[in-house]
Amino acid sequence: MEERVAERLRGALGPLGFEVHALKVGWYNAVLQPAFHLPYPDDTLAFVVLSTPSMFDKALKPFVKKEWLKIIRDPVDQCVSHHLSRVKEKFPDQKVDVIFDYEILPSRKPKFLAQTAAHVAGAAYYYQRKDVKLDPWGKKKIYGVCIHPKYGGWFAIRALLLFPDIQVLFLEQSAPVDCVNTEEKRIELLEQFNFHWQDGRYRDIIEVKERYSEEQKAYFATPPAERFRLLGLTQ
């Protein structure tokens, strides 16, 4: 069942520059405190959705060109939402819940922890402070970051798709690729991400197969309110 669902999702989203990776809700809940648990049975099928560098040209620009009169918020968020809504239509006999990366609960906690979901699904390795043996940061707050084996840091986690009526007892878990596998590189990655994230060097911590185009880099480096102009839109 999981393979059929995955095939349909990849067929719909792959040509638009998205990746999907399967997981069981139980894998996610098992590594988090109860406050962050997803309220579904452990064997519930879910997929984490990533955008790759090609999403900008394959999905965002055509979406903006077609829908620009309706864009009132964030073009990327609305593009992702549009395409995932269309994906739901491909499963008329299934309930499909979608949680977006930017959604928060009334408590201000995120509805799901995107990087944890990507890690347990085997999509990207979530490097955290605990992955460094000789911690050099003392009392500083150090945030973790996911690195994709093909795109490094040139990708984004966009959503979680959940299929509440599909239970997958025998789905095998794939470990994420540990592509930043030396102590020195992990320290360098976390240093760059936490203290120099604006320059984007952390994204190239490994040799990548594809990165954002110059146009895409300029778009994401521009304050959100000014991005409309870059896409030829007026607010």
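By convention here, the first residue in the shown sequence is residue 1.
- Counting heavy atoms of neighbouring residues, nucleotides and ligands inside a 6.0 Å radius, atom OH of Y143 does not exceed 12 of them.
- Going from atom CD of Q192 over to atom CH2 of W197 covers 14.5 Å, rounded to the nearest 0.5 Å.
- Applying the side-chain contact (heavy atoms from CB on, under 4.5 Å) test between W137 and each of K140, K139, K141 identifies K140 as the sole match.
- If you look at Y202 and H196, their ring centroids are not closer than 6.0 Å.
- Looking at heavy atoms from C-beta onward, R4 lies out of side-chain contact with E7 at the 4.5 angstrom threshold.
- Closest heavy-atom contact between A159 and L84: CB-CD1, 3.5 Å.
- For Y28 and F36, the ring centers are positioned 6.0 Å apart or more.
- With Q115 contributing its side chain and G144 its backbone, the two residues share a donor-acceptor pair below 3.5 Å.
- Considering NE2 of H83 and CZ of R158, their distance stands at 12.0 Å, rounded to 0.5 Å.
- Using a cutoff of 4.0 Å between basic side-chain nitrogens and carboxylate oxygens, K61 and E215 are scored as salt-bridged.
- By the rule that hydrophobic residues join a cluster once side-chain heavy atoms approach within less than 4.5 Å of another member, I157 and V177 end up as members of separate clusters.
- The only member of L38, V25, L113, V98 that meets side-chain contact (heavy atoms from CB on, under 4.5 Å) when paired with L160 is L38.
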Q: List the steps and the verdict of side chain to side chain contact (heavy atoms under 4.5 Å, CB included) for H82 and S85.
A: CA-CA 5 Å; H82 168 78; S85 295; 5.9 Å; no

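- Remark: D135 CG to K130 NZ distance equals 13.0 Å, nearest 0.5 Å.
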Q: Please assess F91 against R8 for the test side chain to side chain contact (heavy atoms under 4.5 Å, CB included), listing each intermediate value before the final yes or no.
A: CA-CA 9 Å; F91 298 92; R8 209 178 293 180; 3.6 Å; yes

Q: Using the side chain to side chain contact (heavy atoms under 4.5 Å, CB included) rule, take D77 and Y102 through it: C-alpha gap first, then chi angles, then the decisive distance, then the call.
A: CA-CA 9 Å; D77 288 348; Y102 51 81; 3.4 Å; yes

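- Remark: Q94 pairs with no residue by the side chain to side chain donor-acceptor pair (under 3.5 Å) rule, at least two apart or across chains.
- A salt bridge links R211 with D204: the distance from a Lys NZ or Arg NE/NH1/NH2 to an Asp or Glu carboxylate oxygen falls below 4.0 Å.
- Contact check for D178 versus Y127: side-chain heavy atoms found under the 4.5 Å cut-off.
- Side-chain atoms of Q128 do not come within 3.5 Å of backbone N or O of V145 as any donor-acceptor pair.
- Between the side chain of K24 and the backbone N or O of L169, at least one donor-acceptor pair lies under 3.5 Å.
- Taking CG of L189 as the start and OG1 of T182 as the end, the distance is 10.5 Å to the nearest 0.5 Å.
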Q: Apply side chain to side chain contact (heavy atoms under 4.5 Å, CB included) to the pair F18 and K58, showing each step before the final yes or no.
A: CA-CA 9 Å; F18 294 99; K58 290 178 176 176; over 6 Å; no

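- Side chain of E19 to backbone of V49: no donor-acceptor contact under 3.5 angstrom is found.
- Residues L16 and A59 share a closest heavy-atom pair of O-CB, 3.5 Å.
- For the residue pair E210 / S54, no side-chain donor-acceptor distance below 3.5 Å is found, with atom types taken as modelled.
- For K185 and E188, the salt-bridge test passes: some basic side-chain N is under 4.0 Å from an acidic carboxylate O.
- Under a cut-off of 6.0 angstrom, the local environment of CZ in R10 is crowded, with over 12 non-hydrogen atoms contributed by other residues, nucleotides or ligands.
- Residues P41 and Q167 are in side-chain contact: their nearest non-hydrogen atoms beyond the backbone lie under 4.5 Å apart.
- When all heavy atoms of M55 and S51 are compared, the pair lying nearest together is CE-CB, 3.8 Å.
- Between the side chains of R227 and T222, no donor N or O sits under 3.5 Å from an acceptor N or O.
- Atom OH of Y212 sits about 11.0 Å away from atom NZ of K217, to the nearest 0.5 Å.
- F100 and L105 fall into different hydrophobic clusters, where Ile, Leu, Val, Met, Phe, Trp and Tyr residues are linked whenever their side-chain heavy atoms come under 4.5 Å apart, directly or through other members.
- Annotation: side chain of V64 is not in contact with side chain of C79 (no heavy-atom distance under 4.5 Å).
- Annotation for Q198: atom CD counts as buried by contact number, over 12 foreign heavy atoms lying within 6.0 Å.
- In this structure, L23 and F47 have side chains that are not in contact, with every pair of non-hydrogen atoms separated by 4.5 Å or more.
- Side-chain atoms of H37 come within 3.5 Å of backbone atoms of L32 as a donor-acceptor pair (strictly under, hydrogens ignored).
- Closest non-hydrogen pair, E2 versus V168, comes out as CB-CG1, 4.0 Å.
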Q | side chain to side chain donor-acceptor pair (under 3.5 Å) assessment of Y40 paired with D97 | A | CA-CA 11 Å; Y40 298 84; D97 293 340; 2.7 Å; yes

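- Here Y219 and F56 bring their ring centres to under 6.0 angstrom of each other.
- Using modelled atom types, one side-chain atom of K88 and one backbone atom of V96 make a donor-acceptor pair closer than 3.5 Å.
- P149 and C179 make their closest contact through CA-SG, 4.0 Å (heavy atoms, listed as atom of the first residue, atom of the second, distance).
- Checked for salt-bridge contact, K70 and E67 meet the test: a charged N lies under 4.0 Å from a carboxylate O.
- Between the side chain of R186 and the backbone N or O of D131, at least one donor-acceptor pair lies under 3.5 Å.
- Counting heavy atoms of neighbouring residues, nucleotides and ligands inside a 6.0 Å radius, atom CZ of R73 exceeds 12 of them.
- Of all heavy-atom pairs spanning F155 and Y151, the tightest one is CB-CB, 4.4 Å.
- Between L162 atom CG and L45 atom CG the span is 8.5 Å, to the nearest 0.5 Å.
- Side-chain contact between I206 and V180: present, with at least one pair of heavy atoms (C-beta onward) separated by less than 4.5 Å.
- In this structure a side-chain-to-backbone donor-acceptor pair under 3.5 Å is present from H119 to Y126.
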